[in-house]
Amino acid sequence: MADKVAIITAGGSGMGAAAARRLAKDGFKVAILSSSGKGEALAKELGGIGVTGSNQSNDDIKRLVDATMATFGRVDALVNSAGHGPRAPIIEITDEQWHAGMDVYFLSAVRPTRLVAPIMVAQRAGAIVNISTAWAFEPSAMFPTSAVARAGLAAYAKIFADTYAADNVRMNNVLPGWIDSLPATEERRESVPMRRYGSADEIAATVAFLVSEGAGYITGQNIRVDGGLTRSV
């Protein structure tokens, strides 16, 4: 069988880059989208391909998907990562900021899925993982646009799973808590039952499992990776 192929969006740094490195280690050919140029450099390092562009641009995402198909001929895994959206007190968030939050946190997963899902359906195999947030179900005023948009992403994943499970195409969300790609504070650390931040590599390991054959019966789920932070939800 040909090498498995993974597309990673917002893969130039943080959890997206960690996922790209882990999947490459697991034998995937990787294709990385990043707005900073770091994704292209990482892809070159990992023996894959990279496109410098935005996951808020349908044209940029199409360039990545087209290049992936031209180079590798298939897509087995799609990992949708994201940047950071607007933050403000809840009633001070403007319409423009809400729209920006939806772009960053929700549509950034919808756009690549729209292009990749038909490829996976034709293959009758594929797995999509969206990197979401532990606060999608227990929202925090610290991350209002993220929590609201990613609650929508949870619903989207369930509808997607209902629609494509019979085609052997799966979608799950990973819900990270406090991760070491964020600035650490003692107060946040103490709020976690494990009393530590998680690592980007731990998120990457969860992503790698969810796109593996071992997770072949898992779809439509929101998997919390948060050290027990939302254990009672």
Side-chain angles (χ1 to χ4, degrees), residues 1-55 60-61 63-65 67-69 71-84 104-105 108-109 111-113 116 119-120 125-134 170-184 194 196-216 218 223-227:
M1 180 181 171
D3 289 328
K4 289 199 170 185
V5 178
I7 290 176
I8 303 97
T9 66
S13 61
M15 291 180 281
R21 289 184 185 279
R22 174 57 189 261
L23 292 175
K25 181 181 176 183
D26 288 353
F28 281 81
K29 298 294 186 182
V30 296
I32 302 173
L33 179 73
S34 167
S35 60
S36 66
K38 292 179 182 176
E40 278 199 65
L42 178 59
K44 186 176 180 180
E45 174 191 329
L46 299 175
I49 61 171
V51 166
T52 296
S54 172
N55 60 6
D60 289 348
I61 295 165
R63 279 197 296 129
L64 178 70
V65 174
T68 303
M69 291 300 289
T71 305
F72 302 122
R74 60 186 295 112
V75 182
D76 299 280
L78 168 64
V79 180
N80 291 314
S81 188
H84 299 284
V104 170
Y105 296 120
S108 62
R111 294 184 186 102
T113 297
V116 169
I119 296 169
M120 292 179 168
I128 300 171
V129 177
N130 305 312
I131 298 178
S132 178
T133 178
R170 303 181 292 108
M171 176 181 283
N172 294 289
N173 296 336
V174 172
L175 279 54
W178 295 118
I179 301 301
D180 61 8
S181 56
L182 297 168
M194 293 188 77
R196 69 173 178 87
Y197 274 54
S199 72
D201 287 343
E202 287 173 316
I203 301 303
T206 306
V207 170
F209 168 67
L210 288 171
V211 303
S212 74
E213 292 180 4
I218 302 174
I223 311 295
R224 295 175 175 86
V225 189
D226 64 7

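The structure displayed is predicted, hence computed values, not measured ones. Counting begins at 1 with the first residue of the sequence. What's counted below: heavy atoms across the whole structure, side chains too, no hydrogens, waters or symmetry copies.
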Side chains of residues 204-215: which donor-acceptor partners sit under 3.5 Å, not counting sequence neighbours?
unit_1	atom_1	unit_2	atom_2	d
Thr206	OG1	Glu202	O	3.0
Ser212	OG	Phe209	O	2.6
Ser212	OG	Gly214	N	3.3

Result block: side-chain N/O donor-acceptor pairs under 3.5 angstrom for residues 5-22, not counting sequence neighbours:
unit_1	atom_1	unit_2	atom_2	d
Thr9	OG1	Ser81	N	3.3
Arg21	NH1	Glu45	OE2	2.6
Arg22	NE	Asp26	OD1	3.2
Arg22	NE	Asp26	OD2	3.2

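Taking the side-chain hydrogen bond (donor to acceptor under 3.5 Å, both in side chains) definition, one finds that Ser36 meets it with Ser34, sequence neighbours left out. Asn55 meets the side-chain hydrogen bond (donor to acceptor under 3.5 Å, both in side chains) test with no other residue; sequence neighbours excluded. Under the salt bridge (Lys or Arg N to Asp or Glu O under 4.0 Å) criterion, Glu40 pairs with no residue at all, not counting sequence neighbours. Applying the salt bridge (Lys or Arg N to Asp or Glu O under 4.0 Å) test to Asp226 and every residue at least two apart in sequence or in another chain returns nothing.
Ser132 is listed as a side-chain neighbour of Leu175, based on a closest heavy-atom distance under 4.5 Å. Taking the side chain as every heavy atom from C-beta outward, Phe72 and Asp3 never approach each other to under 4.5 Å. For the pair Thr71 and Lys29, the minimum side-chain heavy-atom distance is 4.5 Å or more.
Met171 approaches Asn130 most closely through the heavy-atom pair SD-ND2, 3.4 Å. Between Asp76 and Phe28 the shortest heavy-atom distance is CB-CE2, 4.3 Å. Asp60 approaches Gly53 most closely through the heavy-atom pair OD2-CA, 3.3 Å. Heavy atoms only, all atoms of each residue included: Ile179 and Pro176 are closest at CG1-CB, 3.7 Å. In terms of heavy-atom proximity, Tyr105 sits nearest to Gly83 at CE2-O, 3.6 Å. Considering all non-hydrogen atoms of both residues, Met120 and Gly126 come closest at SD-CA, 3.6 Å.
Between Asn80 and the options Ile131, Leu33, Val116, Ile128, a side chain to side chain contact (heavy atoms under 4.5 Å, CB included) holds for only Ile128.
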